[in-house]
**Q** 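Have a look at the structure that comes next, please.
Quick note on labels: first sequence line is chain A, next is B, and so on, each numbered from 1.
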Amino acid sequence: MRGFLRENSLSIFFLGLFLAALAGQAIAGHAHYNQEEITHAKLLHEQPETLSLGRYVVSSSFGQAVMENWQSEYLQFTLMMMATIWLLQKGSPESKELDKAGRESDEDQMVGEHARPDSPRWATFGDWRTRIYENSLLIVMGAIWLGTWFGHSVSGWSAFNADQIGHEEKGVSYWSYIGSADFWEATLQNWQSEFLAVGSMAVLAVYLRQRGSPESKPVGAPHSATGVEG
Amino acid sequence: VNAVRFMFGLYLTLIVSGIAFYTVIGLTHH
């Protein structure tokens, strides 16, 4: 048990933080939703249609808030993984060494005939299975990004239409929601922050250090050291 | 099961079920 906790402490820590923050989001989001509903109903001289917490967590309003943030995080990791195959930042531990841009040789990547006895089986085949396996992290992270973005779009559409009907206006089609300011404002406000955070991390880590963190170069590594050589 | 595989499966299951859940809710106009 102790071994399990220690060997998986990073993923357990973030799983715990995720669940706690999600629960907090549900509680705060529920309170906010009901406050808005009460204010809205007062203005229209109607009875407010407040929701229970249980009903709120299965609403498209909560679903949209969750999916909207998921999609931008997965886009961030997917893009970073794709960009760092070819693009470089001299002096950054986030970048590869300057002469390693690209997909690298089979030898460097230990695939096909260069696989070791303990390499994953699909790395050893050298055929279509290796082509899939060598891109599997990007494929899965990219699929999660597209899945969450689709989830964001349909729950946002549903929440938008519920709001329209509340204002005695007509609902819109899915495709017109996809072209709406509501959808793109939500999408881009999440993207811009991710892009800034990723770009600044790559650049700040050229000159700044965190002792003991694999996100940083060793404290005494020169500013010019790029990638794992640092 | 191997503990690391368990964490791998747990994360993937969480993500895939979260996406499926809120996609269905969005599509059924809740």
**Q** Counting only heavy atoms closer than 4.5 Å, note whether A/F14 contacts chain B via side chain, backbone, both or neither.
**A**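 When you check distances to chain B, atoms from both the backbone and side chain of A/F14 fall under 4.5 Å.
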**Q** Using heavy-atom distances under 4.5 Å, tell me whether B/L14 contacts chain A through its side chain, its backbone, both, or neither.
**A**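 Both backbone and side chain of B/L14 come within 4.5 Å of chain A.
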**Q** Is the backbone N or O of A/A197 less than 3.5 Å from a side-chain atom of A/S200, with the two atoms forming a donor-acceptor pair by type?
**A**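 A pair under 3.5 Å: yes.
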**Q** Only pairs of heavy atoms separated by less than 4.5 Å count here; which of A/G3, A/G171, A/S155, A/S11 has the most with chain B?
**A**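 Heavy-atom pair counts peak at A/S11.
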**Q** In terms of relative ring orientation, are B/Y22 and A/F62 parallel, tilted or perpendicular, with 30° and 60° separating the classes?
**A**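 The arrangement is perpendicular - the two ring planes meet at more than 60°.
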**Q** Do B/R5's NZ or CZ and the ring of B/F8 fall within the cation-pi criteria of under 6.0 Å and 45°?
**A**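 The answer is no, since B/R5 fails at least one limit relative to B/F8.
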**Q** How are the rings of A/W145 and A/W149 set relative to one another: parallel (under 30°), tilted (30 to 60°) or perpendicular (over 60°)?
**A**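 Plane angle under 30°, so parallel.
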**Q** Go through the atoms of A/Y174 and report whether side chain, backbone, both or neither lie under 4.5 Å from a heavy atom of chain B.
**A**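 Nothing of A/Y174, per the 4.5 Å heavy-atom cut-off to chain B.
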